[in-house]
Undergrad: 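Pasting a structure below so you can have a look.
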Amino acid sequence: MASVEVTNLANELRKDFPIFADIRNSRPFYYLDSAASSQRPMSVLDTMDRYYRHSHANVHRGVYGLAEEATGIYEAARRHLGRFIGARDPAHEIVFTKNATEALNLVAQGLGRVLLKPESHILLTEMEHHANLVPWMILQEQIGFSIDYLPFDAEGLLVLENLDALLERADILGVTLMSNVLGTLNPVSMLSRKAHEHGALVVADGAQFVPHFQTDVDQLGVDCLAITGHKMLAPTGIGALWARSEILEAMQPFLGGGEMISDVRLDGFTPNEIPHKFEAGTPPIAEAAGWDAALDYLETVGMEAISNHDRALTSYAISQLQDRLDERIKIFGPSDITKRGGVLSFELADVHPHDVAQVLDQHGVCVRAGHHCAKPLMRELGVGATARASFYLYNDEADVDALVEALLDAYRMFHS
Amino acid sequence: MASVEVTNLANELRKDFPIFADIRNSRPFYYLDSAASSQRPMSVLDTMDRYYRHSHANVHRGVYGLAEEATGIYEAARRHLGRFIGARDPAHEIVFTKNATEALNLVAQGLGRVLLKPESHILLTEMEHHANLVPWMILQEQIGFSIDYLPFDAEGLLVLENLDALLERADILGVTLMSNVLGTLNPVSMLSRKAHEHGALVVADGAQFVPHFQTDVDQLGVDCLAITGHKMLAPTGIGALWARSEILEAMQPFLGGGEMISDVRLDGFTPNEIPHKFEAGTPPIAEAAGWDAALDYLETVGMEAISNHDRALTSYAISQLQDRLDERIKIFGPSDITKRGGVLSFELADVHPHDVAQVLDQHGVCVRAGHHCAKPLMRELGVGATARASFYLYNDEADVDALVEALLDAYRMFHS
Amino acid sequence: MNDLDDLYREIILDHYKNPRNQGILEGPAVHAEEGFNPLCGDEVKIYVKIEGDIVTDIKITGQGCSISRSSASLMSQAIKGCSIEEVKALVSRFKRMIAVEEVQGEPEPVDLREFGELAALQGVVKFPVRIKCATLPWNTLMLALDGAQAG
Amino acid sequence: MNDLDDLYREIILDHYKNPRNQGILEGPAVHAEEGFNPLCGDEVKIYVKIEGDIVTDIKITGQGCSISRSSASLMSQAIKGCSIEEVKALVSRFKRMIAVEEVQGEPEPVDLREFGELAALQGVVKFPVRIKCATLPWNTLMLALDGAQAG
Ligand SMILES: Cc1ncc(COP(=O)(O)O)c(C=O)c1O
Ligand SMILES: Cc1ncc(COP(=O)(O)O)c(C=O)c1O
């Protein structure tokens, strides 16, 4: 039975995450907000600490041993992340950024600026996170072009009827691998194939997908992929853009400064080689070291074990919520469990999500309430906000059970 | 005697910095590269660790207690940094970025784009770091305008002869508070007054100055100030832009995504309030907590004690280098010690800086060699590279003495 | 009374479930403004009818949580018939009551009796994130009044 | 021999202090390219004169450290009179010798005898940052040859 497996995985792993021990000692603590940000295992904290105690110096520009060591640590993290997502040229195809959002801004400004003309079209989906919407809107204000949108249906699945016609006029397709609200896993391999048939490049938002599923950029067929560290056990302050090296070569520099140049004269500059051409200033070095350790941790657990665990727990949660709350709860997103990741947005009848989250907090249950940085999606759903529970490798049935009990209490409180 | 004071300060403080204990146990270690990046005291590492173990959640969007706690920590760091530099409205005038470089790109794109027309001029200095040159060059390629430069003289001081004429046609003056190569402290209060007389705004690069001197933006009279954490005992992965709130209000958003919006529709977006309007995506939360602790540490030591210590040590270093190496060494920058900070660039006769740094490393002496991200300055000096030693609160005479001995060895090695 | 009960007093739940003065206003004396809480997606639109310097009517639309909706509802009751000056004074006293300024130190003591039913909102003080929910309608009201005074 | 002595062998210091083939070339058969090491500011310009498919002359200008200058000087000696094919083969063998590819695992063994004086540069292997100094002139040479072959 899947759910038994689940419990074992989390029980074993939870002790690696100090926050559970520390907070649970003082109060109930059910962390169901990993889609916003995950917690960190000891090994990641230790790696960062060790970095600062033994190896810290600025990277790339130092001849002395310590600087070389720091550079080695930083570049090793880059190659590791590249391998983790199946990059062909891990040393050159990963650009470290501060988060996934910067990565998507980098694509919009670096690639969009080269590719798009006022008469161009790009195609996004109505379920994109603001991070894959607003950078394009900012560029649109600067250079003009049109944005088309792929809608989604009542099940939270993309409606692909007009796909060919929309791709036909698009230069870029921007799509999330997994919706942070609906949990929907989009059929990106197919979308990439179609996009390429029509000559469009594919910019994928991997912020939610990469932490939870084995990722292979080749198999996905995408051209760019944005990732963020803090949702996959790594520190805050670091994200990355992967893009095929030809794409990175074609892209314009975005942030200017040290490190990203090969030469600077009073009348202009020559950019550095990829990936350095996109990394201006001192990079997040300790954070890269921490991410490297997080990747080790994920690999040791195994990405397949993680996605199975997520799925089993999501399944359990859906059935518990429906059993115990029946028509008092509405769960958004695909009903087909194979089409969704471990993210559950829901509505409790006549209780605003904000109030849901507030009452749940009293029970030690942490869920997110709000528009989840996806306002166009919320408008499409016809709500101002949802409450969202999300799962990761350290969650288990006890978290779900606490969620259900707390929801029943919230319901009672607002219906007395 | 100043130098005695110096030794005492560093002796007392060095034990707070684990890297010195850890590395010095195994080999000689004289860290003279704090201008590239400083080391961190225990309290900063502990604060970050504690944050991840007790308080981590994503900020600003969570109702539950943990998210509120994380938000409180993050916003407290913002206010602390604001107070540290004398901001009038600390809660609204600090934008957290990934480093000083991003802060300067934000000014160029956010303010420059609003202010500059193809016929506009901006005024920079020939001693700027690439971080205060290339962002302007990138914007120039996008919207056109002219860049004028203030030169510097043989002493490394700005030549102000044509200042009024240049400011007269400038909309923006970009100037570093302290040169990372020459050590020069620029007369920024005066420059700001003049700039304002001519209606130009002042964008100051505080990356080198703020870690070493008591900073008061009001007294400096600047309009924007870029800062970076990792040079002032804080973690990597965080920097900040301070700007007067009216300036921030007038600036366009730069990076688009979550957090920086108030509303997003399929046909456009409404920006959030300052400072959030400039912070797209998940910010460097743990890093902000660490910076907060770093500021505590600096305040406890006292910024005046730090600048006095830097100065005493720089003085000692200059006299030792001149005494022991005489005409074999050339030191760049102001000879007037009150006009410079704790950064010493030099040339060892007939030994390339790269080779200098290599031999020094063998002695455990860490100095930087290269163009220090200031290629126009290097061209002006007529060299391709310099070696640079820089001091901070944990350095003392022993570091300088080791430097001198190692330089003598390097000289011998290349002149045998 | 625990903090949560203090937040969700009966009167709050009542105004949430049965919000007063819902709807829209039209006509030349009507001024309307929209407000967003970027944190949670709450939206409110406030219509005020101003005759002379008196707020003679107010209506509200939008979506929001129990706090923002009950705050709007209580506000609408409190201000109908007041002069613009009186409303502005109330807005600032109300903000003081719920400790709106930077959460540094304890909120200043205020005399809760002067607030009538509005005092029920005082429970948000212990929930800093919810303070923005409570103030959203008040800030939006201020914008509408500013609009009215500007022309 | 410690690592540093291995890096700064006598022959390296000699070529650094007395670099061979300094200067510029002019004329129709001459192709020149400039290279930068963005890490340290080293700059080199390589002029090659190509007659038939033979590199009949080479000159070098620029500024750099002992490693990049001696590498350029030794390179200029090694390739003068060689065919373009021979030069390209030498470049790739040289890069193999100093382990230019991603520093993963040990460098492949190469027979140092075939390198003559160039073998002196093998000491950089232990100083990964300096490898870029050693390869700068070689990469720049390749660009110049590519330019020559392109027309
Ligand atoms: C004067 C100056 N400005 C800007 C910077 C850039 O700082 P960061 O690399 O942290 O962005 C530096 C440091 O390298 C500097 O010395
Ligand atoms: C789908 C999706 N894209 C992008 C992001 C932005 O990630 P970050 O905040 O780390 O930049 C998020 C997370 O909030 C997300 O869920």
Side-chain angles (χ1 to χ4, degrees), chain B residues 27-28 33 36 101 127 129-131 133-134 180-181 332 345-388 405-416, chain D residues 1-19 22 34-46 60-74 98 120-140:
Chain B
R27 52 185 159 103
D33 197 20
T101 302
M127 66 169 81
H129 187 279
H130 293 161
L133 294 173
V134 184
N180 64 316
V181 181
F332 297 102
S345 279
F346 56 85
E347 216 181 11
L348 191 64
D350 301 324
V351 192
H352 188 276
H354 236 165
D355 295 313
V356 170
Q358 190 82 65
V359 179
L360 264 51
D361 182 43
Q362 202 77 359
H363 292 256
V365 175
C366 306
V367 301
R368 195 125 298 225
H371 53 62
H372 312 294
C373 298
K375 288 203 98 183
L377 180 155
M378 303 310 282
R379 289 225 171 77
E380 200 48 41
L381 289 183
V383 298
T386 72
R388 180 188 73 184
E405 291 307 326
L407 283 173
L408 286 166
D409 186 43
Y411 187 85
R412 273 192 300 272
M413 188 147 180
F414 279 78
H415 292 82
S416 55
Chain D
M1 195 153 65
N2 78 28
D3 290 351
L4 206 62
D5 291 336
D6 198 19
L7 181 65
Y8 294 127
R9 292 185 202 180
E10 216 162 286
I11 192 166
I12 301 283
L13 295 181
D14 173 42
H15 277 264
Y16 173 46
K17 292 178 201 164
N18 310 296
Q22 290 284 297
E34 231 175 335
F36 298 94
N37 181 341
L39 305 183
C40 60
D42 283 2
E43 296 176 5
V44 68
K45 188 158 183 183
I46 308 263
I60 297 160
T61 62
Q63 47 195 5
C65 65
S66 60
I67 304 303
S68 78
R69 295 192 70 180
S70 61
S71 180
S73 174
L74 286 160
I98 60 171
L121 283 163
Q122 219 254 341
V124 299
V125 167
K126 302 210 189 80
F127 299 89
V129 200
R130 306 305 293 279
I131 291 175
K132 289 217 171 187
C133 308
T135 52
L136 177 65
W138 298 79
N139 290 334
T140 312

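Please read all numbers here as calculations on a predicted model, not as lab measurements. A, B, ... follow the sequence lines: proteins, then strands. Residue 1 opens every chain.
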Undergrad: Determine, stepwise, if the pair B:K375 / D:F36 fulfils side chain to side chain contact (heavy atoms under 4.5 Å, CB included).
TA: CA-CA 12 Å; B:K375 288 203 98 183; D:F36 298 94; 3.7 Å; yes
Undergrad: Which pair of heavy atoms, one from D:Q63 and one from B:G384, lies closest together, and at what distance?
TA: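 So the minimum-distance heavy-atom pair works out to NE2-CA, 3.3 Å.
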Undergrad: If you take all heavy atoms of D:C65 and B:H354, which pair is closest and at what distance?
TA: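 Smallest interatomic distance, heavy atoms only, reads CB-CB, 3.5 Å.
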Undergrad: Please determine whether side chain to side chain contact (heavy atoms under 4.5 Å, CB included) holds for the pair B:H371 and D:N37, giving the CA-CA distance in whole Å, both sets of side-chain angles, and the decisive distance to 0.1 Å.
TA: CA-CA 10 Å; B:H371 53 62; D:N37 181 341; over 6 Å; no
Undergrad: Restricting to non-hydrogen atoms, name the atom on B:V359 and the atom on D:L4 that form the minimum distance, rounded to 0.1 Å.
TA: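 Taking every non-hydrogen atom into account, CA-CD2, 4.0 Å.
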Undergrad: Nearest heavy-atom pair of B:D350 and D:Y16: which atoms, and what distance?
TA: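 Taking every non-hydrogen atom into account, O-OH, 3.5 Å.
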Undergrad: Does D:D3 reach the side chain of B:Q358, with side-chain heavy atoms less than 4.5 Å apart?
TA: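 Sidechains of B:Q358 and D:D3: no contact.
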Undergrad: Nearest 0.5 Å, please: how far is CG in B:D355 from CG in D:L13?
TA: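 One gets 8.0 Å once the value is rounded to the nearest 0.5 Å.
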Undergrad: Checking D:R130 against chain B: side chain, backbone, both or neither under 4.5 Å from a heavy atom?
TA: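 Contact with chain B involves the side chain of D:R130 alone.
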